[in-house]
Amino acid sequence: MSPPGSSRVVRLSVNGEPRETIVAENETLLEVLRERLRLTGTKHGCELGECGACTVLVDGDQKLSCLLLATEVEGAAIVTVEGLASGPDLHPLQDAFMELGASQCGYCTAGMLMSAKALLDENDEPTEGEIRDALSGNVCRCTGYASIVDAVGVAAARLRGER
Amino acid sequence: MLRLPVFSYLRPGSPVEATQMLADHGGRAKLVAGGTDLLPKMKRRQLAPEVLVAIGHLDALRQLEVSPSGAATLGAGTTLSQALRHPALREQQPGYLEAVRVVSTPALRNAGTVGGNLCVDTRCNYYDMTEEWRSAIGFCRKAGGEVCRVAASSPRCWAVSSSDTAPMAIALGATALLAGPDGMREVPVASLYADDGAAYLALAATEVLTALRLPASEGWRSAYQKLRRRASMDFPVASAAVALHLDGPVVDGCRIVLGAVASHPLEVPSAADLLVGGELDDDAIDRAATEAARLAKPLDNTDLSFPWRKRMVKVIVERAVRQAAGRA
Amino acid sequence: MSAGPEAWAGRRLGAGPGGDDEPGAAFRVVGKALPRVDGVQKVTGATIYADDIELPGMLACVLLRSPHPHARIRSVDATAARSLPGVTAVLTSEDLPIRFGPLPISQDEEVLASAKVRYVGDPVAAVAARDEPTARAACKLIEVDYEVLATVGSIEEALEVPVDEPIHGDTEIGNIHRFVALEFGDVDEGFALADHVREDVLFYEGSNHLAMEEHSATAVFAGDQLTLWSSTQAPHNVHRVLSKVLELPMGHVRVVATPHGGGFGGKVDPFAHEVAVAKLAMVTGRPVKCTLTREEVFYNHRGRHPVLMWVRTGATRDGKITAMHFRTALDGGAYASLGVATTHYTGALQTATYAIPAYRFEGARVFTNKATCGPKRGHGVPQPRFGLEIHLDKLADDLAIDPVVLRQQNFVKPYTRTVNGLRITSSGLEEVTEKVVAASAFRRRPRPVGHGQGFAVSAYLCGAGFPMYLNRMPHSEVNLKVDRGGVTVFCGATDIGQGSDTVLATLVAEELGLARGDVRVVTADTGLTPVDLGSYSSRVTFMAGNAAIDAARKMRAILVDAVASRGGQPGAAVRVGDGGIGEVSFEEAVALAEEARGTISTSGSYAPPKGISGRFRGSGVGPSPAFTFTAAVVDLDADPLTGEVRVNKVFVAHDIGRILNPVLVRGQVDGSVYMALGEALMEEQSYRKGLHHHPSVLEYKTPLALDMPAIETILVETIDPEGPYGAKEVGQGPMLPVVPAVVSAIHDALGVWIDEVPVTPDKVLRALDQRAKGGEGRVGPRRFPDIPYPPCTKVSPDAATASL
């Protein structure tokens, strides 16, 4: 058995890039993304799984990076907000968030976008209720969720080739 | 940023190996699968296990089988989202999934597991706090202290059973498969729990919950009513799981299990018995719901006021009974 | 007392681009639904917030905080902590003996407590270590010997004779921090004229801002220059405090407000952690960062004051108000913060919507052993607005007058002065009322039991008329640099997510005939940008906006002049717009000006006009260069079996002056409605024996995506004569009427009054039970305590309306 607090090397795919980094066994994916890989787009507002700011995609599922041991995502494909755009081309969700003002202070935005991405990857024509449900673990204090819900709907329509 | 304390991380290759690891480390080890319950508690230093035995990756715990009759076996490591997406399970076990669907948030259901929700730690407003906060009250009986802060004169801990799926599983007559050093055993889900907020699980320290078995519905109809402040994220402050079997208009089987009003899922047979043998008229439902509320003993240690929660038990039991009766 | 807009003293900036030069010119940028200037960074994760800063050699700072609500400190021993490997420095009170606070009259905070602690979370020591876990471990090794004192936990307890000792030495009496007692007009005579007099007691619970970003600050000290990056809403406040406490000249301190993860008033005050990291950077010679945990944010607080209210109103039979007497008691928590201003605000704006001919206000703020209250969205106004509107609903019931009509009969008219001296200019109060009533079909449909609608109105400031510290300098200043390198606006204003950077770029682009993307914005950096007082009191659009237009008009004149001189034509003939000045491109015009004059920069500034307040002690809180007016209708269902409330829809009509950017406006209205619903139905910063009941995002309940209703927003443009292109605020006003409208709608639905917010389901059921037993069907405070207010300062109508 390794002594408490041991480190080891983990291999991840982060936004499509293979990454290899040393992590301590008690480090969360959130800490590894922000502090080891310096991908600070993923935010934290509680570190206890209560606010949704740290939501990322792990093998396509929306997950809270503050509650994942980095050692347990060995080999997984991680997508963060930094991986949403294709080069300079924003993802339709990002465009819609900008156009509709769904990002005000912007602190919940990364988590919102990743939750929305997970939804649209699975359901290309969500109802308003389904959108609200998909975002129901992401706290936003600026928007009242209204423009965010609208933006996800607009992005979904654009992804379907409408509008 | 809140961070985890240090621990040694073990990754067994099988449930049996996990039980061995638990045996090797006595009370210093904890099982972890989805981590949604354990890791926040470790960050708040409510728990500081020296060893984590990870079981979420074990294929043996991830099977999800639904028999042609409708009986289902869900590996304890199946995530709640996997259960929700499973077509045959949706077809055959809508009652169980009704409770799964209202657990927390989508992201947490993607990580949280079937076994984890059954074994979710009891909760209390004096316990689910950081070490600094708890030090300010001199800690509590469940962690580091001598006194129960919600009932100071009581010799026990009154933390609240907060699982959504446990009351439903019990109402459905489900069983749990346990692996231990001496092999497997299958027990009713109700017997997983002890009426003690601190030592709330009745499993042996070396046992691993490996699967949940839901019987075929065979005409039983069910409903789950969850009371909470918001439409997502919140734990229940009271809940009612009801399973009913009707012979024509006459109830010939009924189980009512309450959640979040005791330290264990509280089955209320005396309430269910008031429905069995008769028709589901308003009067019978009212009497059964009143009896259920009488037996609920919420204390002042969750969100919202405890007299209100006790009173609401009647409303949610009534609603669950009517909802179940209305389902085919 | 009515006069036309032209009679008002304020500086007119003209209603269109170019001001009076080009009357009636069409807007090119203003009013367009353009995304925010920092939009791409925010949706790609590129924005660097305070905690994202990582500097070479940086140390982590953690503050050791008091576990006791009230205790004397006998000793602090940090020996063991200092010798822990990885610890670089430990500070205690001796290292930072100078007190601070946001207002000159309330310098009562210590960075690290010396003699006593006053709330759970009061900082006692600061550790800098190689990483956060080491700093936390070191905190555990610091031995503090406390002598525990009796906890003062409520307004009632604070009004009693202190058990051990008062929380602070310098108070009015006991634990009463501050009194306000003012009377305008003859109140007794007003009540004597009334046909009906009604009294009510109401309570509004405290709440936290719960900005998603936990506060964070990083300091660097190099040479004799200190730089601090912090998630502050008011870098100027932090700048002043750092200079004072660290005894550094202002010119040696630079404060940069980082892009903000939410403020709502919670980051206006200067904080201990900001000073601590600065001092630690000075002591260690290394960069030091401190990021608070969520729990620490709840202790930092400065949130909504819990306010107990008593209101008495006299009215004629036909609903004309003859006099009002309003009393408030504010639970201030442990320190002063901006509480003196808050106390005034609980009495200042009742008169801004209703023409109350005689008005008496008595307020008292008390100290308690809880986290310090301060400014939160609406600062001191939501509480009395809730009290007043519910009270007027009941008054309307008493008089059998429609609640809308009762209010309309008493509305303040535009371009008048209130009895307490507020200068009211443009007002859409009538129009927002008519429009919201029409849109919602207010109470014009039959409503089954359980379905209800409530209506309320409100008014709010477009910036405080006076600064936090007395001075005659501008409130906002802008430098504009235009040269061959482009156009850059420099302003101290702080974008906290509301979009103030976007507003600045919009206004400058409009004036210079450019696309908005052609204007670069540098803000909130005291080392680079001229002073702006901060993002509070909805002041930025109005004040920084006017300063920006001022600078841009001067720049425009220079460019026009350069082009005109070359062509030998009069300046008036040179048109500006679409990227050109006259016949030449903007770039060519700049080159001509730069050839002729060298470096070109202009500056603009804004100070509120004189004469917007009365002349009496206390007249500094309440006046504003303009007011917005809002009306709301809330439509909801309330379950008589459970007491649960489900809001179906909120209709809001807001007098915004002019819409500068509809995307930003919508964000502020939606967010205001959301925050109001949270406070009306869920949010509570409550305590048990001085300990926060639930300092977590999970248990501090706020509405989530599934809990929010539809919002219908109606905007009314009144084109304020002094606002930037006529614009007024939208960040705070729209929240104010929503809270009372919820409570009013619950009454409409179930016939019970819940005279305190938040309205929880158990309160609704208790009121229903009470009514079923023949009671009044009300839950709320029973009585208003006896408070030894001093005699009121009687302000004569002359003094109230005298210009300064």
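Scope of the values below: all heavy atoms of this structure, side chains included, with no hydrogens, waters or symmetry mates. Letters go in sequence order (proteins before strands), and every chain restarts at 1.
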Legend entry - Test side-chain contact (heavy atoms from CB on, under 4.5 Å) applied to C/Thr291 and A/His44, step by step: CA-CA 11 Å; C/Thr291 301; A/His44 62 96; 4.2 Å; yes
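- For C/Asp707, no part lies under 4.5 angstrom from a heavy atom of chain A.
- If you measure heavy-atom distances from A/Ser136 to chain C, the contacts under 4.5 Å come from both the backbone and the side chain.
- For the pair C/Gln668 and A/Gln104, the minimum side-chain heavy-atom distance is below 4.5 Å.
- The part of C/Ile48 that comes within reach of chain A is its side chain, from C-beta onward, which places non-hydrogen atoms under 4.5 angstrom from that chain.
- Annotation for A/Glu47 and C/Glu214: closest pair OE2-OE2, 2.9 Å, computed over non-hydrogen atoms.
- Looking at C/Thr44, both its backbone and its side chain come within 4.5 Å of chain A, counting heavy atoms on both sides.
- Side-chain contact check for C/Met708 versus A/Arg132: some heavy-atom pair is nearer than 4.5 Å.
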Legend entry - Stepwise side-chain contact (heavy atoms from CB on, under 4.5 Å) check, A/Leu113 with C/Val43: CA-CA 8 Å; A/Leu113 284 167; C/Val43 299; 4.3 Å; yes
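- In this structure, the side chains of A/Ser147 and C/Arg666 come closer than 4.5 Å at one or more pairs of heavy atoms.
- In this structure, C/Tyr674 and A/Gly144 approach most closely via the heavy-atom pair CB-CA, 3.4 Å.
- Here the shortest heavy-atom pairing between C/Lys42 and A/Thr109 reads O-CG2, 3.6 Å.
- Under a 4.0 Å N-O distance rule, the pair A/Glu35/C/Lys289 does not qualify as a salt bridge.
- With respect to chain C, the highest number of heavy-atom pairs below 4.5 Å among A/Ala85, A/Gly41, A/Ser103 belongs to A/Ser103.
- Highest contact tally toward chain A, considering only C/Ala710, C/Ser696, C/Ala211, C/Ala33, is held by C/Ser696 [criterion: heavy-atom pairs under 4.5 Å].
- Ionic pairing of C/Asp52 and A/Lys43 is present here: one or more N-O contacts between side-chain nitrogen and carboxylate oxygen are shorter than 4.0 angstrom.
- When heavy atoms are compared at a cutoff of 4.5 Å, A/Tyr107 approaches chain C by way of both its backbone and its side chain.
- Between the C/Arg36 side chain and the A/Gly101 main chain, no donor and acceptor come within less than 3.5 Å of each other.
- With a 4.5 angstrom heavy-atom cutoff, C/Ile496 touches chain A only via backbone atoms.
- A/Cys142 and C/Phe264 make their closest contact through SG-CZ, 3.8 Å (heavy atoms, listed as atom of the first residue, atom of the second, distance).
- Contacts with chain C were tallied for A/Arg38, A/Glu82, A/Glu99; A/Arg38 has the most, counting heavy-atom pairs under 4.5 Å.
- Heavy-atom distances place no part of A/Ala110 under 4.5 Å from chain C, backbone and side chain included.
- Contact of C/Val669 with chain A is not made at all, since no heavy-atom distance falls under 4.5 Å.
- Most heavy-atom pairs under 4.5 Å with chain A, from the set C/Asn661, C/Leu664, C/Val40, C/Asp495: that is C/Val40.
- Neither the backbone nor the side chain of A/Asn26 comes within contact range of chain C, judged by heavy atoms closer than 4.5 Å.
- When heavy atoms are compared at a cutoff of 4.5 Å, A/His91 does not approach chain C at all.
- For the atom pair C/Leu706 CG and A/Asp133 CG, the distance stands at 5.5 Å (nearest 0.5 Å).
- If you tally non-hydrogen atom pairs under 4.5 Å between each of A/Gly49, A/Gly137, A/Cys46 and chain C, the highest count goes to A/Cys46.
- Here the closest heavy-atom approach between residue C/Gly261 and residue A/Cys105 is recorded as C-SG, 3.3 Å.
- Looking at A/Arg141, its side chain does come within 3.5 Å of a backbone N or O of C/His209 through a donor-acceptor pair.
- In this structure, chain C has heavy atoms under 4.5 Å from both the backbone and the side chain of A/Val139.
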Legend entry - side-chain contact (heavy atoms from CB on, under 4.5 Å) between A/Cys51 and C/Met212, worked out: CA-CA 8 Å; A/Cys51 76; C/Met212 292 315 298; 3.5 Å; yes
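- By the 4.5 Å heavy-atom criterion applied to side chains, A/Tyr145 and C/Leu704 are counted as neighbours.
- Proximity to chain C involves both the backbone and the side chain of A/Gln94, based on heavy atoms less than 4.5 angstrom apart.
- Contacts of A/Leu90 with chain C are made by side-chain atoms alone, with heavy-atom separations under 4.5 Å and no backbone atom involved.
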